[in-house]
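Numbered from 1 within each chain, the chains take letters A, B, ... in sequence-line order. These numbers come from the heavy atoms of this one structure, side chains and all, not from hydrogens, waters or symmetry mates. Note that the structure is predicted; figures quoted are calculated from it, not measured.
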Amino acid sequence: MEDSKNIAKTYDPSQFEDRLYQTWCEKGYFHAVPDPDKKPYTIVIPPPNVTGQLHMGHALDETLQDILIRYKRMQGYCALWVPGTDHAGIATQIKVEEELRVKEGKTRYDLGRDKFLERVWEWKKLYGNRIINQLKKIGSSCDWDRERFTMDEGCSKAVREVFVNLYNKGLIYQGSRIINWCPHCITALSDAEVEHAEHEGHFWHIKYRVENSDEFVVIATTRPETLFGDTAVAVNPEDERYKNLVGKTLILPLVGRRIPVIADEYVDKDFGTGCVKITPAHDPNDFEVGQRHNLEQIKVMNDDATMNAYAGKYEGLDRYECRKRMIEDLEKEGLLVKVEPHSHNVGQCYRCGTTVEPIISKQWFVKMKPLAQPAIDAVKNGETEFVPTHFEKVYFHWLENIRDWCISRQLWWGHRIPAFYCEDCGKMTVSKEDITVCPHCSGKVTQDPDTLDTWFSSALWPFSTLGWPEKTEDYDYFYPTSTLVTGYDIIPFWVMRMMFSGIEHTGQVPFKHVFIHGLVRDAKGRKMSKSLGNGIDPLEIVDKYGADALRFTLATGNAPGNDMRFSTERVEASRNFANKIWNASRFTLMNLDITENHLPKADDLGIEDKWLISKYNRLVREVTENLDKFELGIAVAKLYDFIWDNFCDWYIELVKPRLYDKGSKTAECAQYVLTYVLSNTMKLLHPFMPFITEEIWQHLPHTGESIMISKFPEYDPALDFPEAEKAIEMIMAAIGAIRNRRAEMNVPPSKKASLLIVTDYPQIFENGVSFFKKLAGADDVSILPDRSKVPANAVNIVVNGAELFLPLAELVDKDKELERLMKEKKELEGEIKRVEGKLSNQGFISKAPEKVVAEEREKGEKYRAMLEKVLVSINDIKQL
RNA sequence: GGGAGUUUAGCUCAGCUGGGAGAGCGUCUGCCUUACAAGCAGGAUGUCACAGGUUCGAGCCCUGUAACUCCCACCA
């Protein structure tokens, strides 16, 4: 490929993407080694679930990270992108259990803990590489030598270190509290793992008799089956209706247990009946009421949500079956007053969708208040910044209202809690190392059977992956990391927890910037999901359109933090852009005789060369600025416009005549400009579209091995040519106006015409003669000082700086011409009126910046000059 | 009940610190012009949700309203 100037006619990414990726890997370009002469730039990947498959959300996330990493690497940073995967406790365990059930009809209990875990590890080995390979397909320049897994040795060590440290500081404790229990997964869940959905339920009004009396109270409940766990009925102390009831005893229906009536402020007089059944073991509020009044906690369900012995004759029934039967029985006994439809929020397990049961349970918790405050402060004082900033509000809201974090899970797949219980003395020991013997009495110990919440290990990811708690070279050099890139949906799960963990354990915030993106939705705006079947597989897109097209699509047309709709039409547009680049490069290569890549001397440059270089130079500055502000979409849009409009549609067309003048000095100069600007533009675009840019760069004259380790272009004030820009733009406007007129008059492109230019800027238009011939259908161009030699009856066009005449007498329709001129006159007069209005406004003159005022004056002059010419033309035409 | 976001061309969306409304797709007209029909040239289409306010000047800033979306929340 080195010398070949003949590249394929059509862009076909499958011809080079895999090959280039392999080369990059083999050359070790992705591998970062701490280098004291460079500044570090670090990103740790949000680790995808080991057993997962790459979806569009990942593709977006990885693309954004890769753009940043490649950009910084080219800027000379020691750029490290740490890849890895997450063991994803519940999700993975469910999948393996499911497979076990389907294939062998067994449960995890049939296998036992050790055998089951072996199966999960096998599964992990089988599928763990799938997602990694998928990341490679889209071009991710991760340092694969540093690939990590949340349950590898190092991460596990970090987990234990953190657990023990927090425990010793009193920030981890074990306690019986109301937690969210998933009866399907048979485990506790954290608050963040519960999704709430509006549910059409009922409000059952049930009579509780007052002991030794004919009186009764009516309570209203949405979960009647918890009645068996009632240990009181509460009323508001201010509620006149029930004042005399407080202190009396009620008889619990169906089971006949005696419970007291208590008064507690928690009760809202105006809601329901004003009487609330209190079930401390099954409701968080009731739990607190129970604490205040020293009530017994009666758990009425088993772990699988079947009723236990407290439910009397309903024992063994599923919670909903029990509900149905007891309602029937209550009705028979005349204790059911009424049933109202009632919609309320029901919590569901975020993994399996089962309605969670609030239940009292002994679990491990992290005390959050002391950890939350420093994490809030770190963002408030700017140590860590969110992009866009408004996501800080979400972050604050979570941390300010945080409750203790339930970290124990009754799962087998995960980090086992490092707490050991002595069978002899009963004491508990929390230890970083596995122990078999009790340090107090030398008795036999058994480890806590529970595992930790997956997010407990994810929270340590930015430093556990760099070697912490060891003081490694990597950790010293690369930590704290630079930027975290993730979706707004996991701020509460992950970002927040990394923040407080980083601050607590390393004394530093884990990252400087949190770059938040939105969700990828389908073309109709729906969330992509398996159940809807509307997911688009990123790999299919890569196969069909190439990774660059996918990346371009994901990086563009969307503001940071906003959701984006994904449609194949947009990918096609991206692919077309790649094809455009491909062909512009092909054109350049076809016309290349030079073997070096640098700019010609300024003296040799044509006006169009200077124009392009000047435009390119501004592009460099703006793209750099945008990238530094995380405005990736704006940066890439500017690259698109520059390449398509300036480079392809104008510059290439402008220099064609020169290039065809084979062997001339001017042709050579154009070749240098094409080569230099194209190859440097490829560098600017490389972070976004790594493959095509590398492929093209390799074909162009270059020094160095690869574009990805070349230097990112820098703005150079010496390359600004404002005069040339103005001149070319004047010519471009004239060409545009001629094309417009010809199209309007249906002049076929093949029909050439003479062009007469009356202008005060003869020099500029002299420079443009060949351009008018090439691009405006002119076969003969005359530049005149005034209108004296202009034939009557010529088509007339007024543009900025000149008046153009096309002697196409036979095509001129006098009435139409007059109509058009009148329209132009009206438009110009409108503009002049607007400008004059502004300029006659004292406030504008005195308060607007000088530059703006000057610009308006300039516009005014320009329009007046044009209007004058239009008036003359109108006069002329009338006299014909 | 709190909080956030969105509202700009037929569709999907840009519009950075306020200074004459943009892109892609679609659509219409004409072109196979020796890089590209995955293309070229030209055209049409907008009370920037609504109402106030600040300002010389508002798509952009402030207040309020409406619609849609999302997140959070222990009214049983």
| query | Base, sugar-phosphate alone, or nothing: which one does A:V835 contact when heavy atoms must sit under 4.0 Å apart? | reply | nothing
| said: Quick check: closest heavy atoms across A:C406 and A:I179, and the distance to 0.1 Å? | reply: SG-CG2, 3.8 Å
| message | Would you measure the distance from the P atom in B:rC60 across to the matching atom in B:rA9 and give it in whole Å? | response | 15 Å
| Using 4.0 Å as the upper bound for N to carboxylate O, is an ion pair formed by A:E836 and A:K833? | no
| Atom pair distance, as rounded to whole Å: CH2 in A:W644 and C1' in B:rA37 | 11 Å
| field | Nearest-Å distance for atom pair CG/P, residues A:D661 and B:rU34 | value | 19 Å
| Ion pair present between A:D191 and A:R403, side-chain N to carboxylate O less than 4.0 angstrom? | yes
| Does a distance-only test, which skips hydrogens and angles, find a donor-acceptor pair under 3.5 Å between the side chain of A:K629 and the base of B:rC16? | no
| said: Considering every strand and a 4.0 Å limit on heavy-atom distances, what is the contact class for A:W204: base, sugar-phosphate, or nothing? | reply: nothing
| Note: A:E653-A:K774 ion pair, threshold 4.0 Å (strictly below) | yes
| message | Using a 4.0 Å heavy-atom cut-off, does A:S574 contact any base of the nucleic acid, only the sugar-phosphate backbone, or nothing at all? | response | nothing
| request: Please measure how far the P atom in B:rG59 lies from the corresponding atom in B:rC16, and state the result in whole Å. | output: 13 Å
| query | If the P atom of B:rU8 is compared with that of B:rA51, how far apart are they to the nearest Å? | reply | 15 Å
| task | Using atom CD of A:E856 as one end and atom C1' of B:rG19 as the other, report the distance to the nearest whole Å. | result | 7 Å
| task | Using a 4.0 Å heavy-atom cut-off across all strands, classify A:A637 as base, sugar-phosphate, or nothing. | result | nothing
| task | Round to the nearest Å and state the distance from A:I696 atom CD1 to B:rC36 atom P. | result | 15 Å
| Can you give the dot-bracket line for RNA chain B, where a pair is Watson-Crick or G-U wobble with both atom distances under 3.5 Å, crossing pairs use [ ], and | marks a partner on another strand? | (((((((..((((.....[..)))).(((((.......))))).....(((((..]....))))))))))))....
| request: Have a look at A:A220 and say if it touches a base, only the backbone sugar-phosphate, or nothing, with a 4.0 Å heavy-atom cut-off. | output: base
| query | With distance as the sole test, does A:N579 use its side chain to make a donor-acceptor pair with the main-chain N or O of A:Y11 at under 3.5 Å? | reply | yes
| task | Could you tell me whether A:K859 contacts a base, only the sugar-phosphate backbone, or nothing, with contacts defined as non-hydrogen atoms closer than 4.0 Å? | result | base
| request: Answer with base, sugar-phosphate or nothing: what part of the nucleic acid does A:W398 contact at a heavy-atom distance below 4.0 Å? | output: sugar-phosphate
| field | Separation of the C1' atoms in B:rG24 and B:rU45, to the nearest angstrom | value | 15 Å
| request: Considering just the side-chain nitrogens and oxygens of A:N576, establish if one lies under 4.0 Å of OP1 or OP2 belonging to B:rG39. | output: yes
| query | How is A:N345 classified with respect to the nucleic acid when contacts are heavy atoms under 4.0 Å: base, sugar-phosphate, or nothing? | reply | base
| request: Remember a base hit wins even if backbone is also touched, and classify A:K393 as base, sugar-phosphate or nothing at under 4.0 Å, heavy atoms. | output: sugar-phosphate
| field | Inter-nucleotide P distance (B:rC50, B:rC31), Å rounded | value | 42 Å
| message | If the threshold is 4.0 Å, N to carboxylate O, is there a salt bridge linking A:D239 and A:R241? | response | yes
| task | Tell me what A:Y640 touches on the nucleic acid: a base, only sugar-phosphate, or nothing, going by heavy atoms under 4.0 Å. | result | sugar-phosphate
| salt_bridge(A:D264, A:R292) N-O dist < 4.0 Å | yes
| task | Just call it for A:L519: base, sugar-phosphate, or nothing, with non-hydrogen atoms closer than 4.0 Å on any strand. | result | nothing
| Between atom CZ in A:F391 and atom C1' in B:rC70, what is the gap in whole Å? | 10 Å
| field | Sequence neighbours excluded - ring-ring contact (aromatic ring centres under 6.0 Å, His included) pairs with any residue from residues 270-290 of chain A | value | A:F203-A:F271
| message | Taking any heavy-atom pair under 4.0 Å as a contact, classify A:R565: base, sugar-phosphate, or nothing. | response | sugar-phosphate
| Considering only B:rC31, B:rA35, B:rC16, which nucleotide approaches the side chain of A:I634 most closely? | B:rC16
| Which nucleotide sits closest to the side chain of A:F587: B:rC70, B:rU55, B:rA35? | B:rA35
| Distance-only donor-acceptor test, A:N285 side-chain atoms vs B:rC74 base atoms, 3.5 Å | yes
| request: Evaluate side-chain contact (heavy atoms from CB on, under 4.5 Å) for A:I491 paired with A:F386, printing each intermediate quantity in order. | output: CA-CA 11 Å; A:I491 292 173; A:F386 280 71; 4.3 Å; yes
| query | Hey, does the side-chain of A:R739 have a donor or acceptor N/O within less than 3.5 Å of a partner on the base of B:rA41? | reply | no
| query | Quick one: which of B:rA76, B:rC56, B:rA38 gets closest to the side chain of A:N841? | reply | B:rC56
| message | Heavy atoms only, 4.0 Å cut-off, all strands: where does A:R223 land among base, sugar-phosphate and nothing? | response | nothing
| Rounding to a whole Å, what distance do you find between A:L654:CG and B:rU33:C1'? | 15 Å
| Which is it for A:D404 and A:R177 under the side-chain contact (heavy atoms from CB on, under 4.5 Å) test, yes or no, and what are the steps along the way? | CA-CA 10 Å; A:D404 287 354; A:R177 296 240 320 260; 3.9 Å; yes
| said: What I want to check is whether an N or O donor and acceptor connect the side chain of A:E653 with the base of B:rA35 at under 3.5 Å. | reply: yes
| task | Using a 4.0 Å heavy-atom cut-off across all strands, classify A:V394 as base, sugar-phosphate, or nothing. | result | nothing
| request: State which of B:rA76, B:rG24, B:rA38 makes the closest approach to the side chain of A:H344. | output: B:rA76
| Comparing A:T273 and A:I832 on RNA chain B - which has the more 5′ nearest nucleotide | A:I832
| task | For nucleotides B:rG15 and B:rU34, find the distance between their P atoms and express it as a whole number of Å. | result | 39 Å
| said: How many whole angstroms separate atom CD of A:Q291 from atom P of B:rC74? | reply: 17 Å
| query | Whole Å only: how far is the CZ atom of A:F271 from the P atom of B:rC74? | reply | 14 Å
| message | Nearest heavy atom decides the nucleotide; on that basis, is A:A743 or A:R403 closer to the 5' end of RNA chain B? | response | A:A743
| query | Is the shortest distance from a Lys or Arg side-chain nitrogen in A:K859 or A:E855 to a carboxylate oxygen in the other one below 4.0 Å? | reply | no
